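Notes to accompany the following structure.
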Amino acid sequence: MNPSSDPESDRHDHVRQQRVVADLGDRVLEDPDLDRLFRDATEAVRTTLGTDTCKLLELLPGDDRFLLRDGCGWDDDVVGSETVSATRDSQAGYTLGVADPVVVDDLRTEERFDAPDLLLEHEIVSGVSCIVGPTDDPWGVLGTHATVPREFDEGDAAFVRNVANVLASAIRNGRETRRHDEEAALADTIVETSPIGITIVDVDGELRFANDRAEEIFGRKQAQIGNLRYDDPEWDEVGPDGEPLAAEELPFPKVVETGEPVFDQVTGVLRPDGERVWVSINGAPVRDCDGELDAVVFALEDVTDRFDRERDLERYETIVETAHDGIYVLDEERRFELVNDSFAALTGFGRDELHGTHASVVFGEAFASIEADQTDVATSRRSPTFEESIVVGSDGTDTRTVENRFTIQSTEDGTRRIGVVRDVTERKEMEAKLRESEERFRTLSEHLEEVVWMTTDDPASLTYINPAYEEVWGLDRDSLYDDALSFLEVVHPDDRERVREAYTGLPEAEYDEEFRIERPDGERRWIHARATPVRGEDGTVDRIVGIDTDVTRRKERERALEESEQRYQTVLEHFPNGTIALFDEDLRYSLVGGQALGEIDLDASEVVGATIEEFSPDEIAPTLESACRGALEGTTTQVDVAFRERDWTVHAVPVRDTDGEVFAGMLMAQDVTERKEYQRRLEESNERLEQFAYVASHDLQEPLRMVSSYLGLVQDRYGDELDEEGREFIEFAVDGADRMREMIDGLLEFSRVETRGDPLEPIELDDSFANARRDLQLQIEEHDAEITAEPLPRVVGDGNQLRQVFQNLLSNAIEYSGDEPPRIDVSAHREGSEWVISVEDDGIGIDPADTDRIFDVFERLHAVDEGSGSGIGLALCERIVERHGGEVWVESEPGEGSRFSFTLPAADGVDET
């Protein structure tokens with residue numbers, strides 16, 4: 001404790017510190033953002049204790065270094081990047097080994113540890129630090145420092161420890177939240193990957209959830225399942241006996257009405273493709289926290305195969321008698337003991353004829369030797385199978401090829417041979433055709449760009465691969481016949497193990513993978529590989545056929561699209577003074593953004609998902625809808641609307657795909673409220689200026705003419721009676737009146753630039769220049785002026801006003817040419833969508849300090865007797881050029897001449913730079 005401290009002040013500081021800790025504690029509950037909490041906590045510690053710096057060090061993996069995770073008072077480049085030793089020879093490392101805060105009065109005399117570079121570089125002298133988290137599992141260290149010696153009392157240390165505890169709690173909550181999210185994600189994964197179908201149905205019979213397996217069992221997507229009630233006739237649900245189930249016999253109402261689970265109820269459900277699937281259903285009620293029934297969860301198992309086997313056993317006798325294959329039983333002497341109708345029909349004998357007849361009658365004398373060549377069936381469970389030709393028909397001319405499969409069964413009564421005979425004549429013919437088809441397949445594959453390959457039922461045994469493999473993979477295909485897995489050598493290391501597992505899982509698992517390869521020549525490509533097992537009539541896998549497609553271009557397009565979307569999102573978020581919105585073919589907003597949203601108190605979530613008609617006020621909805629439909633048809637439209645007490649200029653533009661097809665539209669709205677207000681004030685100003693022009697042209701001109709007239713009369717009548725000084729006075733007065741009239745005329749012309757000008761339209765600038773030269777012809781001849789000009793461009797403008805610009809600039813160039821005859825050059829050059837027009841002379845020039853004010857109204861750089869003019873000519877030029885959307889400037893030095901330049905919009909409007 002500081003013995004000189006004031007108890008009342010200490011109490012006040014203690015209360016303030018408690019309030020800071022309490023506020024930070026509330027933040028932990030309200031705001032899960034750790035980075036914002038770290039930043040606010042370090043600033044709160046520094047402000048509360050009045051220190052120079054505060055740091056939050058995070059212990060890095062390995063426990064030997066800290067990262068300066070956050071803090072204040074440090075150089076800008078150290079927070080988030082600087083690391084500090086975590087060993088006990090530093091203050092932070094020392095803090096990890098003690099439970100209480102570590103207080104340092106003066107680092108320069110500290111003997112417990114050394115000062116790290118971070119503190120030395122910031123001239124730290126004293127401080128207090130505390131562990132964040134438990135001592136047996138610390139997260140880091142919180143510390144605050146001063147650059148002058150200072151004693152931190154117990155209250156200060158306790159305050160730092162309390163803030164550290166708040167941070168530890170927030171970190172622990174964050175970890176718990178992440179763990180909870182991970183567990184929830186794991187649970188979702190288990191449900192989605194479960195081999196058992198799982199559905200959840202609300203008490204009102206509406207589907208809440210169905211996993212992928214449930215969709216597979218029912219042959220319907222979740223949305224399709226959700227559209228059907230549990231008792232919908234489309235399910236055609238029947239019991240094991242094949243009879244329809246009444247509503248009260250169905251699993252769902254059983255659970256809802258009894259509140260008890262149901263187990264192993266087998267029902268038959270009809271799929272959309274007409275196939276009936278048999279499902280074993282376990283259902284259980286799900287109750288809310290009040291014990292009320294909230295939903296029913298069902299576990300579904302497809303027992304179609306098992307159910308069918310059970311029924312097969314029950315119908316065995318029927319199947320034997322009605323089987324398409326011939327079935328026979330031979331006694332120990334190889335005489336027919338039993339045959340079914342199919343066997344009799346296949347052999348051409350009646351059942352009675354065959355009973356007791358030796359098998360050789362049907363299978364020929366070679367039957368015994370053929371049988372002897374088969375596997376030792378007495379010790380093998382495999383049924384020997386062989387094919388042979390038998391003669392059938394009463395005339396003995398029809399030869400059929402049959403597959404004869406039999407097994408030997410030993411009983412107390414002797415040995416029996418139970419066999420099945422299948423007519424494979426058509427199959428053998430089909431196999432021959434299949435071999436021909438396979439040859440055609442190989443021929444076709446030789447010319448495909450996709451890689452086509454084939455294996456046996458073992459994916460490691462390659463039987464065929466087409467030449468495209470060498471073009472796509474850059475490898476010799478012969479190497480694959482020796483080792484089918486050698487292709488993995490060029491698969492990207494990050495993808496290799498995934499591809500290996502998927503490929504070697506064939507044919508049981510699905511093989512459909514996208515991955516990268518690094519060809520021997522260094523080129524990287526993307527491959528989409530798929531494989532399909534080909535099964536024989538007995539359902540066993542006969543071979544595996546695969547296709548590898550080079551999808552590198554598609555991947556590049558996808559990457560470019562992602563970059564484009566990121567750029568669009570950036571534009572969307574930062575669009576200044578307005579908003580941007582995307583809409584689809586149904587005129588429904590899909591994305592909305594822009595800085596103006598906050599200014600009008602509008603959240604994007606209020607707009608996304610709504611149609612233009614639903615969101616827009618009635619007075620502007622038709623206008624916006626019309627513009628948006630035009631955009632979807634490929635037309636860009638501009639409209640002005642009023643929305644939320646603001647004025648907006650809205651552009652509706654089409655959004656096209658890479659093929660140029662319109663697939664959506666975009667609205668870009670700019671807030672033009674201030675601009676319209678400015679235009680309104682400008683119009684009012686122009687009206688006042690027009691009023692002034694009227695006054696100038698009538699009220700001021702009349703008395704001025706009277707003054708000039710009477711001065712003329714005085715000069716005419718009494719000129720001879722006046723002395724020389726009187727006559728000089730009269731001349732001064734007449735000259736002043738004349739100049740006053742010129743100024744009024746110039747001011748009148750200046751005021752009417754906006755209101756009396758002609759519409760701006762494409763014109764030939766050469767015509768305006770030629771007219772100006774004709775107007776100045778007398779002045780040009782009087783001063784012997786030489787004017788050169790190159791061909792001038794076609795621009796958008798007012799021809800009469802541009803004639804005035806040329807006239808004023810040429811007149812000034814002649815007037816201030818000095819003692820030599822004026823030499824003036826007029827030129828033009830293109831800059832983007834504008835033309836720059838220059839009028840250059842070799843006259844007396846202008847001081848650069850005066851180049852801005854010469855464009856002001858009535859501003860003159862020379863005395864009246866040094867040149868004529870009203871002082872409004874250049875101001876008039878500037879006003880005319882500005883009306884054309886351009887600017888005017890001058891480049892000059894005294895005695896070096898002047899170059900006046902101004903810009904005008906090009907008539908074609910095309911950037912040719």
Side-chain angles (χ1 to χ4, degrees), residues 13-49 51 53-74 78-80 82-88 90-104 113 116 118-119 127-145 152-183:
D13 291 343
H14 181 64
V15 171
R16 181 185 178 202
Q17 291 170 0
Q18 287 181 327
R19 185 179 300 112
V20 170
V21 173
D23 290 343
L24 291 174
D26 292 340
R27 286 282 304 281
V28 173
L29 299 176
E30 298 172 357
D31 187 355
D33 190 334
L34 286 179
D35 289 332
R36 185 157 50 237
L37 177 64
F38 290 165
R39 184 166 56 255
D40 293 348
T42 54
E43 182 62 41
V45 170
R46 185 177 74 158
T47 303
T48 303
L49 296 184
T51 53
T53 65
C54 186
K55 67 186 180 186
L56 179 60
L57 301 176
E58 180 181 1
L59 188 61
L60 297 175
D63 297 339
D64 61 345
R65 302 293 294 176
F66 288 107
L67 170 68
L68 182 55
R69 175 67 180 273
D70 216 318
C72 51
W74 309 98
V78 300
V79 175
E82 184 76 10
T83 60
V84 179
S85 172
T87 60
R88 287 184 64 85
S90 70
Q91 179 179 356
Y94 184 85
T95 304
L96 287 180
V98 297
D100 296 328
V102 176
V103 179
V104 177
F113 39 75
L118 177 65
L119 300 185
V128 57
S129 57
C130 184
I131 189 172
V132 178
T135 56
D136 58 347
D137 184 21
W139 181 88
V141 168
L142 173 67
T144 186
H145 306 280
F152 292 91
D153 60 23
E154 294 179 0
D156 297 336
F159 170 64
V160 175
R161 180 177 56 202
N162 290 337
V163 174
N165 290 339
V166 171
L167 296 178
S169 175
I171 294 167
R172 183 171 60 254
N173 291 345
R175 288 173 174 172
E176 287 296 323
T177 299
R178 286 196 300 274
R179 183 182 63 80
H180 176 75
D181 292 342
E182 291 170 357
E183 289 177 353

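Computed from a predicted model, the values in this text were never measured in an experiment.
Here A86 pairs with L59, F66 under the side-chain contact (heavy atoms from CB on, under 4.5 Å) rule; sequence neighbours left out. Remark: D156 pairs with Q17 by the side-chain hydrogen bond (donor to acceptor under 3.5 Å, both in side chains) rule, at least two apart or across chains. Residues that satisfy the side-chain contact (heavy atoms from CB on, under 4.5 Å) test with V20, not counting sequence neighbours, are L24, A44, T48, F159. For the side-chain contact (heavy atoms from CB on, under 4.5 Å) test, residues two or more places apart in sequence or in another chain that qualify with Q18 are H14. Every side-chain contact (heavy atoms from CB on, under 4.5 Å) that R69 has, sequence neighbours left out, goes to D35, F38, E58, W139. Evaluation of the salt bridge (Lys or Arg N to Asp or Glu O under 4.0 Å) rule for D33 yields R36 as partners, not counting sequence neighbours.
Residues F113 and R88 share a closest heavy-atom pair of CB-O, 3.8 Å. The minimum heavy-atom distance linking R46 with C72 is given by the pair NE-SG, 3.7 Å. Between V84 and P116 the shortest heavy-atom distance is CG1-CB, 4.0 Å. Smallest separation of non-hydrogen atoms from I131 and P138: CD1-CB, 3.5 Å.
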Subject >> Residues C54, T47; criterion side-chain contact (heavy atoms from CB on, under 4.5 Å); working and verdict >> reply: CA-CA 9 Å; C54 186; T47 303; over 6 Å; no
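K55 NZ to L68 CG: the interatomic distance, rounded to the nearest 0.5 Å, is 8.5 Å. Expressed to the nearest 0.5 Å, how far CG of L49 lies from OG1 of T144 amounts to 5.5 Å.
With hydrogens and angles ignored, the 3.5 Å screen pairs no side-chain donor or acceptor of T83 with any backbone N or O of L67.
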Which side-chain N or O atoms in residues 160-173 pair as donor and acceptor under 3.5 Å with protein atoms at least two apart or in another chain?
| unit_1 | atom_1 | unit_2 | atom_2 | d |
| --- | --- | --- | --- | --- |
| N162 | ND2 | A158 | O | 3.2 |
| N165 | ND2 | R161 | O | 3.4 |
| N173 | ND2 | S169 | O | 3.3 |

For residues 90-99, run the donor-acceptor check on the side chains, cut-off 3.5 Å, and write out each pair with its distance to 0.1 Å, sequence neighbours left out.
| unit_1 | atom_1 | unit_2 | atom_2 | d |
| --- | --- | --- | --- | --- |
| S90 | OG | S85 | O | 3.0 |
| S90 | OG | T87 | O | 3.1 |
| S90 | OG | G93 | N | 3.1 |
| Q91 | NE2 | S129 | OG | 3.2 |
| T95 | OG1 | Q91 | O | 2.7 |
| T95 | OG1 | S129 | OG | 2.8 |

